[in-house]
Amino acid sequence: MKVYKFGGASVKNADGVRNLEKILRSHNSQERLVVVISAIGKTTNLLEQVLDAYYYDKSKLPELTATLRENHYTIVRELELGDNSLIMNRLNEIFALLDKVLAGPHSGNFDYDYDRVVSFGEILSTTLISTYLNEVGVRNEWADARLLIRTDHNYREGKVDWEVSARLIQEKVGKILQGDETHIVITQGFIGGTEEMLPTTLGREGSDYSAAIFAYVLGAESVTIWKDVPGLLNADPKFFPDAVKLEQIPYEEAIELAYYGASVIHPKTLKPLQNKQIPLFVKPFLHPEESGSRIDAGKMTERVPCYIFKTNQVLISIYPKDFSFIAVENLDEIFSIISKNKIKINLMQNSALSFSICCDNKVHKIEKLITDLSVKYKVKYNLNIELITIRHYTDDIVNKVIKNKDVLVEQRSRATVQLVTM
Ligand code: ASP
Ligand code: MG
């Protein structure tokens with residue numbers, strides 16, 4: 001069996017859904033398939049706004065939820081089924097559940113409510129697509145990932161209980177796929193559930209990770225991530241017009257790239273696949289016949305320089321207030337404050353008198369971190385910083401990249417250079 005994953009961009013409109021249909025139709029009908037799908041288009045962002053309104057300004061809710069409905073209805077209409085009442089009814093049942101949540105008071109636990117509200121995106125997309133496919137004769141069964149991927153209660157970044165998830169997935173999905181009724185299971189990316197069946201999410205862009213979980217547990221032959229790019233590129237074509245596609249790369253290299261922020265694959269995706277040596281394909285959903293990129297246990301054939309640009313970074317420098325040196329005790333305390341605030345460090349560096357970190361500028365989170373650190377430390381920070389990571393660099397390449405930029409921090413290892421620039 002194989003696992004296919006479709007991201008939000010690949011199903012953002014009716015053409016996208018039809019394209020998914022075409023890809024499923026052209027796969028060998030005897031082969032078992034688990035299809036993992038994200039919320040359509042930018043639904044997750046919209047639901048984040050819904051949640052914000054739910055907490056801070058309920059007057060905005062009617063308009064936001066109307067947009068949510070309309071985005072889904074538009075796709076259904078444009079799919080031009082003779083009779084779309086089944087899909088509409090199912091979607092409306094889900095909208096009614098969401099309305100019910102939003103009509104009640106929030107719990108006061110923002111992250112818990114986040115998962116409760118934002119998980120609706122994937123429930124909507126998969127219900128729409130699964131029902132549509134059954135209507136047009138692509139037989140499939142819908143499975144609820146909230147009951148299959150078991151996580152702890154760390155809302156918004158659920159930690160997967162592999163043992164329980166394996167049992168649940170085998171019992172449900174394994175069983176469907178063994179039978180002859182249907183060879184395709186459609187399920188949601190990004191979401192899971194606690195033992196009390198409360199919805200959780202696995203972190204933004206977590207659908208790739210979901211695909212890896214299903215693949216690992218079911219011992220899939222391969223995973224294919226269908227994307228709006230030709231494959232894994234050595235740079236973001238927005239910054240680098242002559243980005244090139246990487247034909248094949250080893251797991252370790254892909255893990256490094258994902259870790260440094262190449263946004264094509266969610267960083268947690270690769271390790272489980274590597275452990276079972278399941279190859280991962282990244283393929284263009286508009287050109288399924290193209291080879292895309294293959295990530296596997298093979299050796300690296302060519303050291304193509306890879307560029308990863310992360311914008312909207314903040315560089316925070318932390319100094320003991322008494323101007324003493326940075327010692328292990330300080331670091332211990334600083335790390336625990338960072339960890340309590342759930343901040344991911346993209347780069348860190350220490351000197352005698354300060355410790356610096358570079359991280360994504362997530363508005364409320366960074367303010368809170370700085371406030372917490374300021375109790376015992378002097379904190380300076382720069383906003384609007386860029387973090388550039390180059391794998392397989394040469395001095396020439398570095399010089400070209402930093403031309404006309406101020407370099408605030410630089411770190412080099414044999415294969416990687418990281419530059420914090422302004
Ligand atoms: N829909 C979720 C998000 O936008 C998960 C995903 O797309 O992978 O973050
Ligand atoms: Mg997405």
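Numbering of ligands and ligand atoms starts at 1, following listing order. Just so you know, residue 1 is the first one in the sequence shown, and it goes up from there.
By the salt bridge (charged side-chain N to carboxylate O under 4.0 Å, His left out) test, Asp180 is found to be paired with Arg32, residues two or more places apart in sequence or in another chain being considered.
Looking at Ser207 against ligand 1, both its backbone and its side chain come within 4.0 Å, counting heavy atoms.
Below 4.0 Å from some heavy atom of Thr44 lie the following atoms of ligand 1, by number and element: 1 (N), 2 (C), 3 (C), 4 (O). Atoms of ligand 1 found under 4.0 Å from any heavy atom of Phe190 (numbered from 1 in listed order, with element): 2 (C), 5 (C).
Between Phe6 and Tyr4, the two ring planes are perpendicular [angle over 60°; tilted spans 30° to 60°].
The closest donor-acceptor contact from the side chain of Ser125 to the backbone of Ser38 lies under 3.5 Å.
Electrostatic pairing of Glu31 and Lys2 counts as a salt bridge here, judged by a charged N lying under 4.0 Å from a carboxylate O.
A ring-ring contact (aromatic ring centres under 6.0 Å, His included) check over residues 250-299, counting only residues at least two apart or in different chains, returns nothing.
Geometrically, ligand 1 and Lys5 share no nitrogen or oxygen pair separated by less than 3.5 Å. Below 3.5 Å of separation, one finds no N or O of Asp208 facing any N or O of ligand 1.
Heavy-atom distances between Lys42 and ligand 1 stay at or above 4.0 Å for every pair. A heavy-atom separation below 4.0 Å is not found between Gly7 and ligand 1.
Nearest to atom 3 (C) of ligand 1 by heavy-atom distance, out of Arg204, Glu122, His266, is Arg204.
A centroid separation of 6.0 Å or more is found between the aromatic rings of Tyr307 and Phe239.
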